[in-house]
Amino acid sequence: LINCTLRVRFSGERDSYIFQRINTAVFAEPRMVMENIAKVLAHIRATIEGGDPISRSLAQFPAIFDDMYVNMVVAGEQSGQFDGVMNYPLRKAVMAYLFDEKPIDIREFYERLAAAFPKDRFGIPMNLLGSHDTTRLASLPKSNTEKVKLALALLFFLPGAPCVYYGDEIGMEGGKDPDNRRTFPWKALPQRKKTSVYNFAKGLITLRKRETALRYGSLELSLNGNMLSVTREFRGQKLRLNIFDGNAGIESSFSIEKP
């Protein structure tokens, strides 16, 4: 299965962006998959550089995508190919550490985070904790307010585009699909806005907007005993998230600091 986002910029009087999600379930050799993806990306970039009108460019896409759909499926990511992908490795790591009934230890969590963000090669991933395909945060095993807050803090601290599934910021519940697609509780919203998770999420959004390091900074992960630190740095400005392991017989907690 391929889940990818192609970010395309066309030059013109006004900037326009196209986001194309590719999903497929036809099996093929991985080499063939990447060759076809490369064809599409080469075409897109050639079109951008050539300054063709958007309408002409889009008219050329169907034949190329048909060719891809005939051949594809198994896929992975290849350096230099995509601007970003849906970061399910991040989600799986956070779920396994914070919400699983048999959680992984902090060292394995550290290793999984490092694998999800290869040094100098993580691009612009779409970071997510929940979606229409997953159980909601508030309904996960061992979920509580502090764990949801820590999960959100990680989402906004790590490189990429943070994506919050509607309602997770107010503690909406929901099991597996389709229970996770419940109608947003508009009538209860004034009361839901008083929850600590909602106000914490708002604070994280404000922090990310204010702190350039969280948007453009480098990433450093470090593990010291039972404390995992996520540090972002940009032009000498640092911001750090410290996670104190709650799976090692001590109270789970985290802190945000400016070193």
Side-chain angles (χ1 to χ4, degrees), residues 1-7 17-25 73 75 84-104 109 112-113 116 124-209 214-215 230 241 243 246-247 252-254 256:
L1 174 66
I2 297 175
N3 264 325
C4 65
T5 301
L6 305 182
R7 187 182 60 175
Y17 291 86
I18 293 176
F19 293 86
Q20 174 65 50
R21 176 173 172 178
I22 304 172
N23 290 307
T24 181
V73 187
V85 295
M86 295 178 73
N87 201 345
Y88 275 104
L90 167 63
R91 181 187 183 275
K92 289 179 180 178
V94 173
M95 297 302 110
Y97 177 65
L98 290 177
F99 301 104
D100 201 293
E101 294 179 346
K102 295 181 179 180
I104 60 176
F109 181 49
R112 289 198 189 186
L113 283 184
I124 312 169
M126 174 184 167
N127 296 330
L128 71 161
L129 298 170
S131 74
H132 59 268
D133 295 320
T134 64
T135 298
R136 285 190 174 275
L137 293 180
S139 296
L140 289 166
K142 303 190 70 175
S143 180
N144 60 45
T145 298
E146 291 308 305
K147 287 185 177 183
V148 170
K149 286 182 178 179
L150 174 51
L152 289 171
L154 281 161
L155 186 69
F156 281 86
F157 253 80
L158 290 164
C163 178
V164 178
Y165 187 46
Y166 79 95
D168 281 350
E169 75 282 5
I170 59 170
M172 274 185 67
E173 297 181 340
K176 295 181 179 180
D177 190 4
D179 188 45
N180 52 12
R181 304 179 190 234
R182 298 181 191 180
T183 303
F184 191 83
W186 293 109
K187 292 182 179 180
L189 187 57
Q191 188 64 32
R192 292 288 191 110
K193 283 185 174 181
K194 297 177 183 179
T195 63
S196 60
V197 170
Y198 176 78
N199 288 293
F200 183 73
K202 282 185 64 177
L204 288 173
I205 293 170
T206 300
L207 184 68
R208 188 170 175 110
K209 286 182 175 180
L214 292 183
R215 302 194 307 275
V230 180
L241 171 65
I243 302 168
N247 297 329
S252 178
S253 60
F254 65 95
I256 297 173

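As a basis for the values below, the full set of heavy atoms in this structure was taken, side chains included, without hydrogen atoms, waters or symmetry mates.
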Hey, are the side chains of L152 and V197 touching, using non-hydrogen atoms and a 4.5 Å cut-off?
yes
E169 side-chain N/O to G167 backbone N/O, donor-acceptor pair under 3.5 Å:
yes
K176 meets the side chain to side chain contact (heavy atoms under 4.5 Å, CB included) criterion, sequence neighbours left out, with T135
Would you please test L154 and F109 for side-chain contact (heavy atoms from CB on, under 4.5 Å) and show each step?
CA-CA 12 Å; L154 281 161; F109 181 49; 3.8 Å; yes
Under the rule for side chain to side chain contact (heavy atoms under 4.5 Å, CB included), what residues qualify as partners of L207, not counting sequence neighbours?
F157, R210, E211, L214, L239, I256
Under 3.5 Å, is there a donor-acceptor pair between the side chain of R208 and the main chain of R215?
no
Would you indicate whether the side-chain heavy atoms of R192 and M172 approach each other to under 4.5 Å?
yes
Side chain proximity check, S196 to T145, heavy atoms < 4.5 angstrom:
yes
For a quick test of reading the model, state the closest non-hydrogen atom pair linking G174 to S139 and the distance between them.
N-OG, 2.9 Å
With a 4.5 Å cut-off on side-chain heavy atoms, are P185 and I170 touching?
yes
Pairwise distance CD(E173) to CG(N180) - rounded to 0.5 angstrom:
12.5 Å
Sorted by chain and residue number, the salt bridge (Lys or Arg N to Asp or Glu O under 4.0 Å) partners of R112 (sequence neighbours excluded) come out as E108
Closest approach of I104 and A93, non-hydrogen atoms and distance?
CD1-O, 4.2 Å
One should read off an interatomic distance between D133 CG and L128 CG, to the nearest 0.5 angstrom, of 9.5 Å
Looking at S143 and L137, would you say the former's side chain and the latter's main chain have a donor-acceptor pair under 3.5 Å?
yes
Between S131 and M86, is there a side-chain heavy-atom distance shorter than 4.5 Å?
no
Taking atom NZ of K92 as the centre, report whether more than 12 heavy atoms of other residues, nucleotides or ligands fall under 6.0 Å from it.
no
If you define the side chain from C-beta out and look only at heavy atoms, does anything of F99 sit under 4.5 Å from L129?
no
Taking all heavy atoms of A138 and all of G171, pick out the closest pair and write down the distance.
CB-O, 3.7 Å
Nearest 0.5 Å, what's the NZ-CG distance between K187 and L189?
13.5 Å
Would you give the length of the straight line joining atom CG of L90 to atom CG of L158, rounded to the nearest 0.5 angstrom?
6.0 Å
How far apart are the C-alpha atoms of F156 and L241, what are their side-chain angles, what is the distance that settles it, and do they pass the side-chain contact (heavy atoms from CB on, under 4.5 Å) test?
CA-CA 10 Å; F156 281 86; L241 171 65; over 6 Å; no
I'd like to check the side chain to side chain contact (heavy atoms under 4.5 Å, CB included) partners of R91; sequence neighbours left out, ordered by chain and number.
Y88, M95, T134
Sequence neighbours left out, what pairs pass ring pair (Phe, Tyr, Trp, His ring centres under 6.0 Å) with at least one residue falling in residues 174-196?
F184-W186
Determine whether a donor-acceptor pair (N or O, by modelled atom type, separation under 3.5 Å) exists between the side chain of N127 and the backbone of P159.
yes
Quick one: side chain to side chain contact (heavy atoms under 4.5 Å, CB included) partners of R181, sequence neighbours excluded?
H132, Y165, Y166, D177
